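I have placed the structure first, in the form of structure tokens, so that the comments after it can refer back to it.
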Amino acid sequence: MRIKRFAAGGVLLATGALVLSACTPGAAPGAEIVEGTSITAAWNQPFYSANGNTSFGNATANNNINYMTYSGFNFYDNTPELQQDTAFGTYEAVSEDPLQVQWTVNEGAQWSDEVPVDAADLLLQWAALSGAFNTEGFEASEYQDPETGAFTTDFPENTVFFDSGATPDSGLGLVQETPEVNEDGRGVLMNYSAFDVDWELRFGAPLPAHVVGMGALGIEDPAEAKQAVLDAIQNEDMAALSSIASFWNNGFNFTEMPSDTSVLTSSGPYIISDFVADQYVTLQANENYVGDHQPQVQTITIRFITDPMAAVTALQNGDVDIIQPQATADVRAALDGTENITVQYGEGATYEHVDLQFDNSKNPGVFSTLEARRSFLLTIPRQEIVDRLIVPLNPEATVRNSLVFVPGAEGYDDAAAAWSENFGEVDIEQATALREQAGLAEGTEVCLLFASTNPRRVQEFELIRESAAQAGWTVTDCSSPEWGGLLGTPGAYDASLFGWQSTSLGASEAGPNFETGGINNLSFYSNEEMDAVVQELGGTADEARQIELKVEIDRILAEDAFGIPIFQFPEVTAFSDRISGIDPSPLAPTIFWNVWDWTPTETNIEG
Amino acid sequence: MATFIVRRLIAAALILLAATFLMYNMVAYSGDPLEDLRGVQTPQTAQLIEARIRLLHLDVPPPLRYFIWLSGIGGCFVGQCDFGMTIQQQPVLAVLLNSMDQTLRLVTIATVLAIILGIVIGITTALRQYSTYDYGVTFISFLFFSLPIFWFAVLLKQFLAIGANDWFQTGARIEWWVIALVAVVSGLFWSSVLPGDRRRKAVTFALGFLAGGLVLWYMSVSGWFLNPRFIVFGLDFSMLTIAVLMGAMALVVTAILAGFRHKRSMWIALGVAAVGAALYYPVNYYLFNPQVVPMTFWLLAILGVVTVLVGVGAGWVFGGENKSTNMKVGGWTAFLVGAILVVDRHMQLWQAYSQTGFVRGRPIATIGASNPGFSDSSFFVQSVDAFTHMLLPSIALMVISFAGYTRYTRASLLEVLNQDYIRTARAKGLTERTVIVRHAFRNALIPITTIVAFDIAGIIGGAVITERVFGWTGMGSMFQNGLDRVDPNPVMAFFLVTGALALLFNLLADIAYAALDPRIRVS
């Protein structure tokens, strides 16, 4: 009898401990949380900062998680297209010339500690992202603790430094005067000193001002702390701002569960509940979240798995439910034919392309004529590269036909016309004729720069070399493991093969890439028409007109034979039958963009 | 002796200096640390690149940058270690400490088990030289020795994780032919290990065959693998099984350390085992009950020491004329009895653990060090969780080093057994047990110390491949991530720690050798 009782007791005890440790159901308003549902996703890099606005914390691994814990005014869906989160707040450009923007948080929006989200949070976000209070000529690196990398608190007295990479001539840096706070205290009105075409994208999800106030100024009451931050900004109290900035820079950086959990305060559908260094982050549904993005899964755990094949096995074994490993042939082979697992092949945010050097090339003047450039680009076997190298990883892969638009985005189809018209198919005859027109002898050398360490680019190089040889071009190997450093170096190469990663659909990304002297213009390209279009785009508020101008950019690039886009990097997402509703976006935060649509399935509930 | 050590230390420092210089430059020249930033199409790129150049002193050429790094390391001598920053702006020192923690957890158990198993099997094969068992072990250890670990680890995941979990989910029954096979192997094992003439061997084979087959058959039918208890007609007889097991342990300890002629030793061992069995319920009700005693690793370690001391105490009190041997017998028996109690405590949890929503009947994990779902659970639940996570990587690591240990031990013991003083000892009429345990075994261990010392240095170095395949973020992955990102600082931290340990343990091995073997003098 005793034995039995013990056995029963032991099992009861064990089960009790296990049950207690399991998730306690939350009573979120309107949420359809199925009790105790949990989902585990894998990501390849550990989380390390809850503030993705600093140059330190700006990394995908952080932004994915911050996306789930902070609500902002807008986000990208998987089209990709910018969507407003009107349940959080609204915004509009009150005037376009000069640009004035009104941002308003909805009544009732609150932080996970039930403190309302209001103008103080917006004002702090502005102060940080605009760098308006940053002490001039202050060299932050001199005060960086070499051991921890954190900024030491003993900056010279009253020095303010928000580490947001702000510059006074772009983005929110253009708003130098303190925005007016609305009467109801829930909104701010920003006055721009110059037009910013991407103003919508610049004002990311705000951080909790009251937490910053409590941490930086040592105030215990949240309401008081919030007011203190508001006062400091409005009265330009440099002493207070100095510690506020320091806390904003450092207070949200942690690599394991912080002892003071107030920095985890969330305004989004989830809140961090556990964090073990280098292993995983656990997010619980935020009970005090009142927005539209009500979560359906109670607990989401992000485990950090570096090796793509290890992630695949972990999915097969049920250790994780969602993976997005680097797409390789091995990964695809391993995922194919696995039961109970859905595999989605799609496109990532990076695209491969060939650029030609208009000037300062290795073989002097080889691409200075339009004929020469057109001739060379006509030989690039784009379809063959896609068929042989990309289709095995993404069965639906196609040739990318734009240097500006992400495939699927509005305007892509119009822009693609120019490319398919000019470089639709490889045309050896025309290429040979054009080369002769340009006065280049058969066997003219073109030195192609690419990453020698990347096997796929080596294969692409071979395909390009073979095809170009037919039109009388001799493509030579300028590859290097340090290709990145060679980009834009005069006399180093004639053409380059590499990938550009898009982080947004912003109109201002085109400028630095194609205008004369732009920082990402590595080809010494200069075209007055292009400069004019880029200039106009920078001052255009109308979205339809912006798209027209971007299509125009693509047309000019195609006609100038600037270079040629080849393909979008393939991306593979796989998930188990315990979850549904996953529909990844090409832009960050890829799989997480619709985390609120993730729905636990029957299998999950039974478990 | 002192001059020898000082000379060796100076040489070690110089070697380390030259090696780090080479390593630093090789890593720094292996690629472009700014590559990931250059590909991003934003206007902010230039600032990010500049920030990284500033942070990592990329504007200084590597051979000179090495000295910046060296001066940071030099700070260690004045208590201000600066290992620099990683490319992700994390202090390398913090990453290093976390990595070492993970690595020690993963590799220590695997290494200790490999050493114990390797030595035990090595000894038995030497004692049964040229038997079926010896040939079998030789074959298996060469097979293991030549396995590429990356491939073996993936196989383990496929069969011991995915395959075993599928098996757990479908009832954990064993096919009849597997039972038969195991029975045959068991019969062969016992008949070739135990001595005797042909007829006796046949009897041993039959008994081994029956025992192996029956145990496995029982485990299969009773669902032991799903719930490792001995339940007959709804009553839990696990406690009786454990009492028997403890008694058996007591007898084995006596046989090895004292021999059955010493009745007193046997009774002490059996007494300790009886106390352990009697304490079964109290321990489980109170000491191992998380609601009464909040167990931690250190508390358990202290309890372990106390248990051993109690056993030693029993040997001292009742030891009679043969105190020192009996203290050993008592201590070892107490240790094993305690270990059985601890293991049993975890086995009670097995079924409840595998049926939670986080595990869903698939207990064997392929990735990471723990399941996030159990972070608030009791110590024992977390230990079970740690076990399911460490099982595969530990097997992968053990299999490789185990092979080496068996070979070295076997060779070393055989060499000793052929020496004159062993013949003298036998001629003197000592029992075979005394000859082997007291005279041969000790001397055979001397060369093994050298190998063990090297391996302990290797422990901290981690296992680059195993860590990656099983998703552990230890020293190996720190090293690899550093290499991937062309980031010398974490690579150097790895190299410095492993290099220094290798040199240090090399020195220790030499000193230990001299201390153990009086024929050798260091000077």
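This is a predicted model, so every value here is computed, not measured. Letters A, B, ... are given to chains in the order of the sequence lines, protein chains preceding strands, and every chain is numbered from 1.
In this structure, A/Phe569 has its ring center at least 6.0 angstrom away from the ring center of A/Tyr351.
Only the side chain of A/Thr282 comes within contact range of chain B, with heavy atoms under 4.5 Å apart. With a 4.5 angstrom heavy-atom cutoff, B/Asp166 does not touch chain A via any of its atoms. Heavy-atom distances place the side chain of A/Thr301, and not its backbone, under 4.5 Å from chain B. Only the backbone of B/Ile364 comes within contact range of chain A, with heavy atoms under 4.5 Å apart. Of the atoms belonging to B/Arg362, it is side-chain heavy atoms, and not backbone ones, that fall under 4.5 Å from chain A. Only the side chain of A/Asp274 comes within contact range of chain B, judged by heavy atoms closer than 4.5 Å. With a threshold of 4.5 angstrom between heavy atoms, A/Thr255 approaches chain B through side-chain atoms but not through N, CA, C or O. At a 4.5 Å heavy-atom cutoff, A/Glu256 makes no contact with chain B through either its backbone or its side chain. Contact of B/Gln102 with chain A is made through the side chain alone, with heavy-atom distances under 4.5 Å. Using a 4.5 Å cut-off between heavy atoms, A/Asp319 touches chain B through its side chain atoms alone.
Looking only at heavy-atom pairs under 4.5 Å with chain B, the residue among A/Val320, A/Ile305, A/Thr313 that has the most is A/Thr313. Taking chain A as the reference chain and counting heavy-atom pairs below 4.5 Å, the highest number among B/Ser370, B/Ala153, B/Gly471 is found for B/Ser370. If you tally non-hydrogen atom pairs under 4.5 Å between each of B/Ser99, B/Gly75, B/Ala161, B/Ala94 and chain A, the highest count goes to B/Ala161.
Side chains of A/Gln279 and A/Arg303: no donor on one and acceptor on the other come within 3.5 Å. Between the side chains of B/Gln382 and B/Ser377, no donor-acceptor pair of N or O atoms lies under 3.5 Å. For the residue pair B/Asn165 / A/Asn317, a side-chain donor-acceptor distance below 3.5 Å is found, with atom types taken as modelled. A donor-acceptor contact closer than 3.5 angstrom links the side chains of B/Asn98 and A/Asp278. A side-chain N or O of B/Gln348 and one of B/Asp344 form a donor-acceptor pair less than 3.5 Å apart. Side-chain contact check for B/His57 and B/Asp59: no donor-acceptor pair (N or O, by modelled atom type) lies under 3.5 Å. One side chain, B/Asp385 or B/Tyr353, offers a donor N or O that lies under 3.5 Å from an acceptor on the other.
At least one test fails for A/Arg457 against the ring of A/Phe450: distance under 6.0 Å to the centre or angle within 45° of the axis.
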